[in-house]
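Each chain gets a letter, A, B and so on, in the order the sequences are listed, and its residues count up from 1.
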Amino acid sequence: MKRRLNRLFFVKPSLQVSKLLLGKYIVRKIGRKTLAGKIVETEAYPGPYDKASHAYGIKKTPRNRAEYLEGGHIYIYLVYGMYWQLNISTGKEGYPECVLIRALEPIITNQSRIRIANNPELENIRESKLEMDSRFCVANGPGKLCRWLKLDKSFYGEDVTKSKRIWLSQGEKIKPPQIASGPRIGIDYAGAKWAKKPWRFYIKSNPCVSKR
DNA sequence: GTACAGATTGAG
DNA sequence: TCAATCTGTACT
């Protein structure tokens, strides 16, 4: 959980950052509990020229103003009246671009390792296929990962390079051959030209990449 | 003030 | 395939 990603990491174009984020860990502190998840799927929304972007045409509203913040700030919003979507702003201040975090693979933290080691019953559960399957399913979508990490409007604009309750860390090295790309999800309203752009990135054959 | 649709999800 | 559920945004 060490080696927190710094400002320099995020002040780059979202098309770069979205790929670099694969394999990185999101660490979330809730009271004395720590949750961590490996980022396995992202989408880039690279700027105001992108018709699928909330900031299309340099549109700036109370809802999307966090997109304009310097790289490393959280842009979070509600869709369909019930699901939060976690984005991280990238690039320079004043230019609206961001990366949508679409899926995480939950990581067994040291904390839970110790708890498991001290409790043989939990050890058995951890080994069971059932447990593995359920672990892989709690954060395999943008709405689900926010529910799992307990993220909501209160994180709007949060600086992940400074925050004490959420940050990103180095995680695991992902080699380019392990990265796949495809069209972004759920943005058909933007028209085929933009919906077809291969700006969704994910780790090949990872079980936590979102379905559909 | 009112209408409308959405960067999703899980059930049928 | 469809409804749930709600708020930002646009328009009367």
- Task: Would you kindly give the CZ-to-P distance between A/Arg147 and C/dT5, to the nearest whole Å?
- Result: 14 Å

- Query: Would you say the side chain of A/Ile187 lies within less than 4.5 Å of the side chain of A/Tyr45, judging by non-hydrogen atoms?
  - Reply: yes

- Message: Does A/Ile185 reach a base, just sugar-phosphate, or nothing at all? Heavy atoms under 4.0 Å.
- Response: sugar-phosphate

- Rounding to a whole Å, what distance do you find between A/Met82:CE and B/dT9:P? 11 Å

- Which nucleotide in the set B/dG10, B/dT8, B/dA7 lies at the smallest distance from any side-chain heavy atom of A/Ile187? B/dA7

- Where protein sits on nucleotides 7-12 of chain C, one letter per nucleotide: B base, S sugar-phosphate only, - none, heavy atoms under 4.0 Å: -SS---

- Nucleotide B/dA7, atom P - distance to NZ of A/Lys196 in whole Å: 20 Å

- Would you mind reading off the distance between A/Tyr77 atom OH and C/dT5 atom C1', rounded to a whole angstrom? 16 Å

- Message: What contact category does A/Glu43 fall into here, base, sugar-phosphate, or nothing, at under 4.0 angstrom with non-hydrogen atoms?
- Response: nothing

- Task: Would you indicate what A/Ala52 reaches in the nucleic acid, counting non-hydrogen atoms under 4.0 angstrom: base, sugar-phosphate, or nothing?
- Result: base

- Starting at atom CG of A/Asp188, determine the distance to atom P of B/dA5, rounded to an integer number of angstrom. 15 Å

- Note on the structure: A/Tyr83 OH to B/dA5 C1', in whole Å, measures 17 Å

- Is the ring of A/Tyr80 stacked on the base of B/dG6, with centres less than 5.5 Å apart and planes under 30° off? no

- Parallel, tilted or perpendicular: rings of A/His54 and A/Tyr77 (30°, 60°): perpendicular

- Message: Within the 4.0 Å heavy-atom criterion, would you say A/Arg200 contacts the bases, only the backbone, or no part of the nucleic acid?
- Response: nothing

- Atom-to-atom span, CD of A/Gln85 to C1' of B/dT9 - whole angstrom: 11 Å

- Message: Taking 4.0 Å as the cut-off, does a side-chain nitrogen or oxygen of A/Tyr189 come that near to OP1 or OP2 on B/dA7?
- Response: yes

- Task: Hey, can you tell me if A/Tyr156 and A/Tyr75 have their rings parallel, tilted or perpendicular (30° and 60° cut-offs)?
- Result: perpendicular

- Item | Pair partner, C/dC6 [Watson-Crick or wobble, under 3.5 Å] | B/dG6

- Minimum-distance nucleotide (side-chain atoms of A/Asn87 versus B/dA7, C/dT5, B/dG10): B/dA7

- Message: Would the distance check show the side chain of A/Ser18 and the main-chain N or O of A/Ser14 forming a donor-acceptor pair, the cut-off being under 3.5 Å?
- Response: yes

- Return the value, rounded to whole Å, for the distance between atom CG of A/Asp50 and atom P of B/dA7. 12 Å

- Message: Roughly how many Å apart are C/dT7 and B/dG10, using the C1' atom of each and rounding to a whole number?
- Response: 22 Å

- Query: Is the NZ or CZ atom of A/Lys12 both under 6.0 Å from the centre of the six-membered ring of A/Phe9 and within 45° of that ring's axis?
  - Reply: yes

- Task: Say whether, by atom type as modelled, one donor and one acceptor occur between the side chain of A/Ser210 and the main chain of A/Gly141 under 3.5 angstrom.
- Result: no

- Message: Taking the six-membered ring of A/Tyr202 as reference, does the cationic atom of A/Arg200 (NZ for Lys, CZ for Arg) lie under 6.0 Å from its centre and within 45° of its axis?
- Response: yes

